[in-house]
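Remember, predicted model here, so these are calculated numbers, not experimental data. Convention: sequence-line order gives letters A, B, ...; per-chain numbering from 1.
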Amino acid sequence: MNHDIVRTRIEPAPSGSIHVGNARTALFNWLFARHHGGSFVLRVADTDAKRATEENYQAVLEDMRWLGLEWDEGPEVGGPSGPYRQSERFGLYDEAAQKLLASGAAYRCYCTPEELEAERARAQSEKRAPGYSGRCRHLTPSDIETFEAEGRASSVRFQVPEGRTITFHDEVLGEMSTELGLTPDFVIQRSDGSPTYMLAVTVDDLAMNITHIIRGNDLVASTARQILVREALGADGLPVFAHLPLLVDDKGRPLSKRWGDVAVRAYRDQGFMPEAMVNYLALLGWSFDDRTNIFSTEELIEKFSLERVGKNPAAFDISKLEWLNGHYIRGSHPDAIADALVSFCVRAGLPADTEEGVSILRRVTPLLTERMKRLTEAPPMIAFLFGGVEPDDKAAKALDGQDDYLRELSDRLASLDEWTTTSIEEAMRALAEERELKPKKAFQPVRAAVTGTLVSPPLFESLEILGRDETLVRLRRAAAK
RNA sequence: GGCCCGGUAGUCUAGUUGGCCAAGGACGCCGCCCUCUCAAGGCGGAGAUCACGGGUUCGAAUCCCGUCCGGGCUACCA
């Protein structure tokens, strides 16, 4: 087949927000296609009607877009090989199944689930391989007639040829080969007429001219079976395979076994930026050299190659993601961060979605960007700008015995000609010097009185944004206690 | 059980044809500096018997064999 025009694909199952392992696979496919000027296809694997809800389907599209992985062909953008939801391609799969049935590459299996289960249990207790025996391979016409008369449902199984060895090249793992002796005949079409993964993936990769199949290492073992189906369907040549190392959690367990908390959506809600997510994901199983960690999307496209994908499983480490996120927050335009912060503030109970709220956010965000690792850290730091704040325990302690000082300070601030960071700072430093107070000693009580905590954005700037009136109110109230 | 994949510091990794590696970078951690707090930034530090055991070689993280550990597949899931 022609590999010059690169075509890759991602095939997420709509089981809710896509999890980071799939996101990483999607990213690598996307980067590879972009790097080679090829096409990236999105195909939704919703053949399992039980899990594929419309809501989950929408979540997949939304996650992909949030990550910035725009697809060239797929749902909503269309393309020459559509439709791109497997649930809408059943006719194609059935056609393929019929073709394989007609050529003798596949046969009808009338075994019931109960029979298969019994067979499996027996094999297990006798410590034999639990695979299907292939007993429906050579049913006589009268056997079939009997089964049909009984109303037994039938699935379609692929007849695995014996004594063959399938070999293929894997860009990550090298030359691979599988002896077919241990591969049982596998189902390609369920008794309800729906295709299994083996059929659907093969038919679609063929129909969509996919040249490079980049996917998780968990699919290595299924490659030989897909090659078999491919051949039986009359395809010549093979796509290039690349099996990516699996992602594991901090205890070394596969990430795919733990849904929900590892979903892309969860990270978005926890205040991570898509740029950070993409950069971090790229570092999992791929490296450019011995020192570079930070890559813009453009750099990733330029530098990405399958040769530099490693073989060993990678653990998802939230602290490195946080570091990158902080980096991208600092590098973003403050206004963009401010806008993104609105929803996080609202969710935290701060009325930031008003004109005034947005204005406050825009003014305070520049003070925030270099001290955030996650967007969710902002609301607690700026709550004092959205309402009075009761001092916490530490702040209350810092306020002890400061009445006179705070009163004096409030008088001085009240008489300032203008209310700017500079004028506030000058006044506060002057008073501190007169009283021979070290800066920290002088400023922490003020911070406590105004923000209710001992940790906040820079003080003088914060006071300027809070405004003179409210600052004085808070200082005097603290002094009066 | 069988087949397959993997194993460099807590984590991501560099290390492609053996010597420049008594193993480099990054996150995290610890300390110092800066400093109105917290961060950011700067500087420094601890942390890896290169899973283990044998070989081959003047020399191995890098080659060979074995062992152990982890994982995947072995479904009418994908």
Find the partner of [N]: check Watson-Crick (N1-N3 plus N6-O4 or O6-N4) and G-U wobble (N1-O2, O6-N3) distances, both under 3.5 Å, and reply none if neither fits.
{"N": "rG31(B)", "value": "rC43(B)"}
{"N": "rG18(B)", "value": "none"}
{"N": "rC36(B)", "value": "none"}
{"N": "rC68(B)", "value": "rG7(B)"}
{"N": "rA61(B)", "value": "none"}
{"N": "rA48(B)", "value": "none"}

When the nearest nucleotide of RNA chain B is assigned to Arg371(A) and to Glu11(A) on a heavy-atom basis, which residue is associated with the more 5' position?
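Taking each residue's closest nucleotide, the earlier one in sequence belongs to Arg371(A).
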Position toward the 5' end of RNA chain B (nearest nucleotide), Ala153(A) or Leu182(A):
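Between the two, 5'-proximity favours Leu182(A).
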Distance check, [atom1] atoms only: [N] and [M], in whole angstrom units.
{"N": "rA61(B)", "M": "rC52(B)", "atom1": "P", "answer": "11 Å"}
{"N": "rU17(B)", "M": "rG71(B)", "atom1": "C1'", "answer": "30 Å"}
{"N": "rU67(B)", "M": "rC5(B)", "atom1": "P", "answer": "16 Å"}
{"N": "rC33(B)", "M": "rG24(B)", "atom1": "C1'", "answer": "26 Å"}
{"N": "rA26(B)", "M": "rA40(B)", "atom1": "P", "answer": "15 Å"}
{"N": "rC69(B)", "M": "rA22(B)", "atom1": "C1'", "answer": "27 Å"}
{"N": "rA46(B)", "M": "rG41(B)", "atom1": "C1'", "answer": "22 Å"}
{"N": "rG7(B)", "M": "rG15(B)", "atom1": "P", "answer": "13 Å"}

Among [options], the one nearest [X] by side-chain distance:
{"X": "Met176(A)", "options": "rC5(B), rA78(B), rG6(B)", "value": "rC5(B)"}
{"X": "Arg330(A)", "options": "rG41(B), rC76(B), rC12(B)", "value": "rG41(B)"}
{"X": "Ala221(A)", "options": "rU8(B), rC73(B), rC38(B)", "value": "rC73(B)"}
{"X": "Arg308(A)", "options": "rG15(B), rC76(B), rC12(B)", "value": "rG15(B)"}
{"X": "Val220(A)", "options": "rA78(B), rC4(B), rU74(B)", "value": "rC4(B)"}
{"X": "Glu370(A)", "options": "rG71(B), rA39(B), rC4(B)", "value": "rA39(B)"}
{"X": "Asn217(A)", "options": "rC36(B), rC5(B), rA78(B)", "value": "rC5(B)"}
{"X": "Ser191(A)", "options": "rU13(B), rG72(B), rC76(B)", "value": "rC76(B)"}
{"X": "Arg225(A)", "options": "rC73(B), rA39(B), rC4(B)", "value": "rC73(B)"}
{"X": "Ala314(A)", "options": "rA78(B), rC12(B), rC36(B)", "value": "rC12(B)"}

Rounded off to whole Å, could you give me the [atom1]-to-[atom2] distance for the [X] and [N] pair?
{"X": "Gln226(A)", "N": "rA78(B)", "atom1": "CD", "atom2": "C1'", "value": "10 Å"}
{"X": "Lys311(A)", "N": "rC12(B)", "atom1": "NZ", "atom2": "P", "value": "17 Å"}
{"X": "Glu461(A)", "N": "rC38(B)", "atom1": "CD", "atom2": "P", "value": "16 Å"}
{"X": "Tyr93(A)", "N": "rA78(B)", "atom1": "OH", "atom2": "C1'", "value": "13 Å"}
{"X": "Glu114(A)", "N": "rA75(B)", "atom1": "CD", "atom2": "C1'", "value": "14 Å"}
{"X": "Glu433(A)", "N": "rC36(B)", "atom1": "CD", "atom2": "C1'", "value": "15 Å"}
{"X": "Asp218(A)", "N": "rG6(B)", "atom1": "CG", "atom2": "C1'", "value": "14 Å"}
{"X": "Lys441(A)", "N": "rC36(B)", "atom1": "NZ", "atom2": "P", "value": "15 Å"}

So, Arg225(A) side chain and Phe186(A) main chain: donor-acceptor pair closer than 3.5 Å or not?
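Such a contact is absent between Arg225(A) side chain and Phe186(A) backbone.
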Without swapping roles, check the side chain of Arg447(A) against the backbone of Pro457(A) for a donor-acceptor pair under 3.5 Å.
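Side chain of Arg447(A) to backbone of Pro457(A): a pair is present.
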So, is the end of the Arg85(A) side chain (NZ or CZ) under 6.0 Å from the ring centre of Tyr57(A) and within 45° of the ring's axis?
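Positive - Arg85(A) is close enough to the ring of Tyr57(A) and near enough to its axis.
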For the residue pair Arg157(A) and Tyr132(A), would you count it as a cation-pi contact if the rule is NZ or CZ under 6.0 angstrom from the ring centre and within 45 degrees of the ring axis?
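Yes, cation above the ring, under 6.0 Å and within 45°.
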Mind checking if [X] touches a base, just sugar-phosphate, or nothing, with heavy atoms under 4.0 Å?
{"X": "Met198(A)", "result": "base"}
{"X": "Gly181(A)", "result": "nothing"}
{"X": "Leu219(A)", "result": "base"}
{"X": "Phe460(A)", "result": "base"}
{"X": "Pro458(A)", "result": "base"}
{"X": "Ile188(A)", "result": "nothing"}
{"X": "Cys111(A)", "result": "base"}

Donor-acceptor side-chain pairing of [X] and [Y] below 3.5 angstrom:
{"X": "Thr453(A)", "Y": "Ser456(A)", "result": "no"}
{"X": "Asp204(A)", "Y": "Tyr84(A)", "result": "no"}
{"X": "Ser194(A)", "Y": "Arg190(A)", "result": "yes"}
{"X": "Gln226(A)", "Y": "Ser222(A)", "result": "yes"}
{"X": "Thr223(A)", "Y": "Arg215(A)", "result": "yes"}
{"X": "Tyr107(A)", "Y": "Asp185(A)", "result": "yes"}

Can you see if the side chain of Arg24(A) gets near the phosphate of rC12(B) - specifically, an N or O under 4.0 Å from OP1 or OP2?
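The answer is no; no side-chain N or O of Arg24(A) sits under 4.0 Å from OP1 or OP2.
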With respect to the phosphate group of rC36(B), does any side-chain polar atom (N or O) of Arg429(A) fall under 4.0 Å of OP1 or OP2?
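Yes.
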Selection residues 303-325 of chain A - residue pairs positive for salt bridge (Lys or Arg N to Asp or Glu O under 4.0 Å), sequence neighbours left out:
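Listed by first then second residue: Glu322(A)-Arg374(A).
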I'd like to know if Thr196(A) reaches the base of rC76(B) with its side chain, counting only an N/O donor and acceptor under 3.5 Å.
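Flag unset: no donor-acceptor pair detected.
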Could you work out, with side chain to side chain donor-acceptor pair (under 3.5 Å) as the rule, every residue matching Thr292(A), not counting sequence neighbours?
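Asp289(A).
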If a protein heavy atom is under 4.0 Å from the base, mark B; if only from the sugar-phosphate, S; if neither, -; do that for nucleotides 24-34 of chain B going 5' to 3'.
BBBSS------
